[in-house]
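Proteins come first, then strands; the chains are lettered A, B, ... in the order of their sequence lines, and each starts at number 1. On a predicted model such as this, the values are computed, not experimentally measured, just so you know.
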Amino acid sequence: MSGLASASGAPNPWLTAAAWRGLFRDRPMIPLLGLLAVLVVISDLVRPGIVSPEWVSVILRAAVLLAILAGCQTLTMLTGGIDLSVGAVASMSGFVVASFAAGAGTPTGIVVALVAAALAGFVTGIGVGVFRVHPLIMTLGMSFVILGLANVWQLQSVVTSTGVPPAFRWLGSQAFADVVPFSLLVFLPVAGLILVALKLTGYGRLLYAIGDNPVAARLSGARSWQVLVVLYVVSALLAAVAGFLYSGYTNVASVTLVDSAVLPSVAAAVIGGTSILGGRGGYGGTIVGTLILTVISSLLSSLGYPEAVRQILFGTIIVAVAAAYTRVTGEA
Amino acid sequence: MTLITTDLLLEATGISKTYGAVVALRSASLAVRPGEVHALMGANGAGKSTLLKILTGAVRPDEGTITVRGRQRTVHSPAEARRGGIVSVYQEPALIPDLDIRSNLRLTETPVEPFRHWLGELGMEDLDLSSMARRVPLASLRIIDLARALAIEPDVLMLDEITAALPANLTERVLEVVGRQRGGDRSVIFISHRMIEIAAVCDRATVLREGKTVGVVDVTQGSEERIVELMLGQIVEDMAAIAERTAGSPKASGSTPRLTARGLSSGTKLHDVSFDIQPGEVLGVVALEGQGQDELFDILAGSERPAGGELLVDGSPVSFRHPADAIRAGLVYVAADRAEALLMQRSVRENIALPLTTRIRHWGLIDLAAEGHTVQAAVARLQIDARAGGEVRRLSGGNQQKVTIARWVAGGVHTMLCFDPTRGIDIRTKQQIYLLLRDLAEAGAAVLLYTSELKEVQLVCDRAIVIFGGRVVAEIGVADADEPALLRAAYNLRVDAPMPEDVAGEAVAGVVAAAQESTDAGAERGLPVSDG
């Protein structure tokens, strides 16, 4: 609103760069949704007729997976941290459930995977919150530890060929009437919880406070280690849920399945307007950022370039969008 | 004398700048003649800093023109302004901490020989150029900044609070050097909150209020009153009323002290500090820089643990492991450094409500209506201008300081620890803070107030303790706590010893006299002089 107010004195407020900039700064969702719309239109221009309910369904199924991992990044980045262990935790969780499916059963597998993920998150949280290890180092280190443990588990229990439980396959890759993905059944409550937690709870306020100014948060009586331990446990649990969906989506159980999604999940949060330095951002932007990345990736596939070219373009576009976005919405 | 009005060195007219909903400058103007030291005055938030930043190209104005020696200029960056002969020394040292002084000079393409010359003039010829900037004390850094700016011989040199962090002897040298810039064809724009310095070295003063230029005053005998009047827009409300309330407020005596410190010590900085505060009392703490007051407040606020000693709240011993413990015991801390206390990117509301959600049982859903009421009451009580409340960093310094206090007032105050809460804020906000502290005390709170402005002690405190070398060296009642007495005690001097500030005062008087002579000499040579 203040963007509009600031321009009210100018002769033609809607045409001044400052007015646009003010609007974007106060309502960062507007440029993001605009970019998403432009990308959808380009997709349709490149391959006319491609944009259809089925296309939307395909995009959503892929986006939901990334959006949950990007949720981990959003929450941790708000405190000035990052969670690079989401790939390892997610892969491990999917793999553990698959290894239990044939024997002790899927529910047991899910419980074991969630407990393992929570333990990993707890250790990360203690490292970051109590021993003040930088989150980047701590979570990167944890991802290697988890990978190692998952490998040990892999040697102990040889997974049968059809390890991924049917329920996960249904949830991850099927859609109601072939249009509305069932994974939304998991994603919508998760997204709702994150949005409410950030906007309306004391805990959400503390995430922003610690990221904005840890000294001020401490002087106001916040014990940041409590907040951080809970944060990294929650992040690991979210990653585990994403891991279940990934294994269902791909019908693969592997200890490195989700690794390639880690950096896109960070990129989605950054494009969505969450500051990597902490204190600024939210999950709404991250969801749109995830959709943008997914559409770009699908657009690049539909162009039929070789994999190498796609990767180069994908990386370049992420950097360009993030740079442009921070320029437009940053403080003048 | 018509020469004077046409031959301006720097002229800025109709400068406007808005940040979001906040108008920083509305049609401000500034005209600087060659050879003058020009003061730029104004309360906090009046727009001084913004105007300086616009002149140096760090900020682009929305409207307005800047002419240098009659030619219109659009300055896009500080580097460009520098090439155009406009150089600024900002409030914070502008040296890269991890480089040595020589490398820092190379970064700004400063010639070393003139730099050395000016260092000598400023009384620091023995500086080792190969020392790391981070190892050099703050006061010396300010001198280095100044020498660096002087070395490139700028047409217009802008000094923003250059003397704020300097001890008296260096202040004197700086004023002397600045005074010597007069009469040539170069000019200095001088910002300072200290009226005595303005009187000592400045020829004219431009006064800003709420982003507008409200007057240009020739600095002569007695012009201080006029400047203050212009700055505030109306006659200063009578501070004496506050002092009277202080004197008249009834003191609880004989009851259990709200807070008792017994033999507190910490490292090498604090040895055996004892005092107590009664409910309803404002206890002043007076000390020179670095006498242990920082450590004392850190201990009381729960940030540090004392090496020895005992702390009692309402008669029962307490021990703090974290600020949260202190807050639970009712000790709330208002830091001097707003950057330390505020969430700059968050809203006024979130900043004020922050202490309400820190405990685990308040991590759940927030009662938004109740929180809104609490915050609104605190905002109203402190008269915070929250129009730009979406992000605290967009507020003026005074309003930011009020937010740091409002945070605690919102929850009701038991014991408030204020560490120099009025540092660098304007006189109107200061008054509001004094009144608030008195109100809190009257409502039964205990207030511990460290202040670097000695005259505040008599205005707001009931009693003052003086700390020197980590020990309480004096306790002075409000009636005797005038500035000379406090200063004498702060230097741990006997009553009959000569006053250090008299020495400094004489030095300043000397500069005034010398400056006066040079102005007279200038007039004889037909150089432009202010015409009144």
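- Both the backbone and the side chain of A/V227 come within contact range of chain B, each with at least one heavy atom under 4.5 Å from a heavy atom of that chain.
- Contacts between B/L356 and chain A at a heavy-atom distance below 4.5 Å are absent for every atom of the residue.
- For OH of B/Y90, the number of neighbouring non-hydrogen atoms (other residues, nucleotides, ligands) closer than 6.0 Å is greater than 12.
- B/R346 places a side-chain N or O within 3.5 Å of a backbone atom of A/G279 that can act as its donor or acceptor partner.
- Heavy-atom distances place both the backbone and the side chain of B/L365 under 4.5 Å from chain A.
- Interface remark: B/L343 contributes backbone and side-chain atoms alike to the contact with chain A (heavy atom separation under 4.5 Å).
- Contact of the A/R223 side chain with the B/R321 side chain is not registered, since no non-hydrogen atoms from C-beta on lie closer than 4.5 Å.
- Between B/I366 and A/L200, every side-chain heavy-atom pair lies at or beyond the 4.5 Å cut-off.
- The two residues A/R205 and B/T357 have their closest heavy-atom pair at CB-OG1, 4.2 Å.
- Neither the backbone nor the side chain of B/R359 comes within contact range of chain A; no heavy atom of the residue lies under 4.5 Å from a heavy atom of that chain.
- Of the residues considered (A/G204, A/S275, A/A216), A/A216 shows the highest number of contacts with chain B, using heavy-atom pairs under 4.5 Å.
- Within the 3.5 Å criterion, the main-chain N or O of A/N213 finds no donor-acceptor partner in the side chain of B/Q345.
- Only the side chain of B/R349 comes within less than 4.5 Å of a heavy atom in chain A; its backbone stays farther off.
- Taken to the nearest 0.5 Å, the CD1 atom of B/I352 stands 11.5 Å off from the OG atom of A/S220.
- Only the side chain of B/E371 comes within less than 4.5 Å of a heavy atom of chain A; its backbone N, CA, C and O stay farther away.
- Remark: A/R218 CZ to B/E340 CD distance equals 10.5 Å, nearest 0.5 Å.
- Taking both residues in full, the closest heavy atoms of B/W363 and A/T201 are given as O-CB, 3.4 Å, listed atom of the first, atom of the second, then distance.
- Put simply, OG1 on B/T358 and CG on A/L219 are 12.0 Å apart, with the number rounded to the nearest 0.5 Å.
- For B/A341, the part lying under 4.5 angstrom from a heavy atom of chain A is the backbone only.
- If you take NE2 on B/H362 and CG on A/L206, they are separated by 11.5 Å, rounding to the nearest 0.5 Å.
- Heavy atoms of other residues, nucleotides or ligands lying less than 6.0 angstrom from NE2 of B/H373 number 12 at most.
- For chain A, no part of B/D62 is nearby; none of its heavy atoms comes within less than 4.5 Å.
- Looking at B/A339, the atoms closer than 4.5 Å to chain A (heavy atoms on both sides) all sit in the backbone: N, CA, C or O.
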